[in-house]
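All of these numbers come straight from a predicted model, not from anything done at the bench.
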Amino acid sequence: MTSPRTASRAAAVLVLSALIAGCSTANDTPQSDTQNGASTGLPADHPPLTAPQSSASAMVGVVLEQMDGGGYTYARVQINGDEIWTAGPITSLSEGDTIGLLDAFPMEQFRSNALDRTFELLYFVGGYRPASAMTAAPPVPAGSAGVVLQVLNGGGYTYLEVETEEAATWIAADGMEVTEGDRVVWGGASVMRQFTSSTLNRTFDEILFVTYVEVIK
């Protein structure tokens, strides 16, 4: 299988940013960035959130290969001549499909036990969309606003339990000032399941890593 042409996350982000300008399971666990000589300064149990891409600027590419495992659909996608591996919600994809990649963020040295392989660089995406649907503005995800029930801080991140119209949801973002009772909105969410934070010494059944959180009045 073809590895991404990008040698490092920084280079990959530059490539994907240029292209735009012109969800882990119990069996799929991230490894530390330091394992391949790169150091982000983040704790080993946190997925890197470098340069996530918003739904409004979703990338479009062609599916070269796809497989399902560990509750995710993995796809090798070609974007303007560059190939990347992605993982997102279970989706029916076929070779040759032109698709949009929503809310992508990179993760280095991601080990998938379900597939028995380690991806040098893998982009987790919030969803795959048909290219024909990319001309319309993407819908706002349900549960993107709510009231803060609990606040935890650790490893440079703020973890929030938020009561939405549907249910209580855990989200995580870069460290911020927020208190219980605040009403917040967030965006750029990517789902991680059975995520263990050694910093907090707890496992979240499901948590949303988001690109931004804003306190609203």
Side-chain angles (χ1 to χ4, degrees), residues 9 23-36 38-50 52 68-74 85-91 102-127 141-182 184 186-213:
R9 178 172 57 213
C23 275
S24 84
T25 68
N27 291 325
D28 292 351
T29 54
Q31 300 175 358
S32 170
D33 285 340
T34 59
Q35 290 176 324
N36 67 346
S39 177
T40 63
L42 298 177
D45 64 342
H46 288 280
L49 299 179
T50 302
D68 294 336
Y72 290 91
T73 289
Y74 294 82
W85 273 101
T86 67
I90 294 293
T91 307
L102 306 182
D103 299 324
F105 71 85
M107 180 177 289
E108 290 183 340
Q109 297 301 317
F110 180 82
R111 173 66 183 176
S112 169
N113 291 339
L115 300 180
D116 190 25
R117 68 173 292 175
T118 297
F119 294 90
E120 180 181 348
L121 182 65
L122 180 72
Y123 283 81
F124 276 90
V125 300
S144 59
V147 177
V148 177
L149 301 177
Q150 186 177 173
V151 181
L152 301 174
N153 289 290
Y157 286 89
T158 296
Y159 297 82
L160 304 176
E161 184 182 20
V162 182
E163 182 68 38
T164 70
E165 293 182 356
E166 298 180 344
T169 302
W170 278 98
I171 65 176
D174 288 338
M176 61 176 295
E177 292 186 8
V178 60
T179 59
E180 295 179 7
D182 283 346
V184 296
W186 64 86
S190 295
V191 180
M192 300 287 281
R193 299 181 179 85
Q194 294 301 311
F195 175 78
T196 298
S197 168
S198 60
T199 306
L200 300 179
N201 192 28
R202 69 174 293 171
T203 297
F204 297 90
D205 292 336
E206 182 173 288
I207 188 168
L208 304 178
F209 279 87
V210 302
T211 62
Y212 72 89
V213 176

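With sequence neighbours excluded, the residues that form a side-chain contact (heavy atoms from CB on, under 4.5 Å) with E163 are L149, A168. Looking at residues two or more places apart in sequence or on another chain, you find no side-chain hydrogen bond (donor to acceptor under 3.5 Å, both in side chains) involving T91. Partners of D205 according to the salt bridge (charged side-chain N to carboxylate O under 4.0 Å, His left out) rule, which considers only residues two or more places apart in sequence or in another chain, do not exist here. In terms of the side-chain contact (heavy atoms from CB on, under 4.5 Å) criterion, residue partners of V151 (sequence neighbours excluded) are, by chain and number, V148, N153, T158, L160, V178, E180. In this view, Q150 and E161 satisfy the side-chain hydrogen bond (donor to acceptor under 3.5 Å, both in side chains) rule, not counting sequence neighbours. Among residues two or more places apart in sequence or in another chain, the salt bridge (charged side-chain N to carboxylate O under 4.0 Å, His left out) test is passed with E206 by R193.
Here the side chain of T164 pairs a donor or acceptor atom with the backbone of A167 at under 3.5 angstrom.
Residue I207 holds its CD1 atom at 8.0 Å from CZ of R202, rounded to the nearest 0.5 Å. Note: L122 CG to Q109 CD = 11.0 Å, rounded to the nearest 0.5 Å. Remark: T118 OG1 to L121 CG distance equals 13.0 Å, nearest 0.5 Å. Taking CG of L208 as the start and OH of Y159 as the end, the distance is 13.0 Å to the nearest 0.5 Å.
In this structure, A114 and G69 approach most closely via the heavy-atom pair CB-C, 3.9 Å. Contact between A173 and V210 at its shortest, heavy atoms only, is CB-CG2, 3.7 Å. Shown here for G146 and W186, the closest heavy-atom pair between the two residues is N-CZ3, 4.0 Å. Here the closest non-hydrogen pair linking P89 and G126 is CG-O, 3.6 Å.
Between Y157 and F209, the angle of the ring planes goes over 60°, which puts this pair in the perpendicular group of the 30/60° scheme. The aromatic rings of F204 and F195 sit parallel to each other, their planes meeting at less than 30°, with 60° as the upper class boundary.
The shortest side-chain heavy-atom distance between R117 and W85 falls under the 4.5 Å cut-off.
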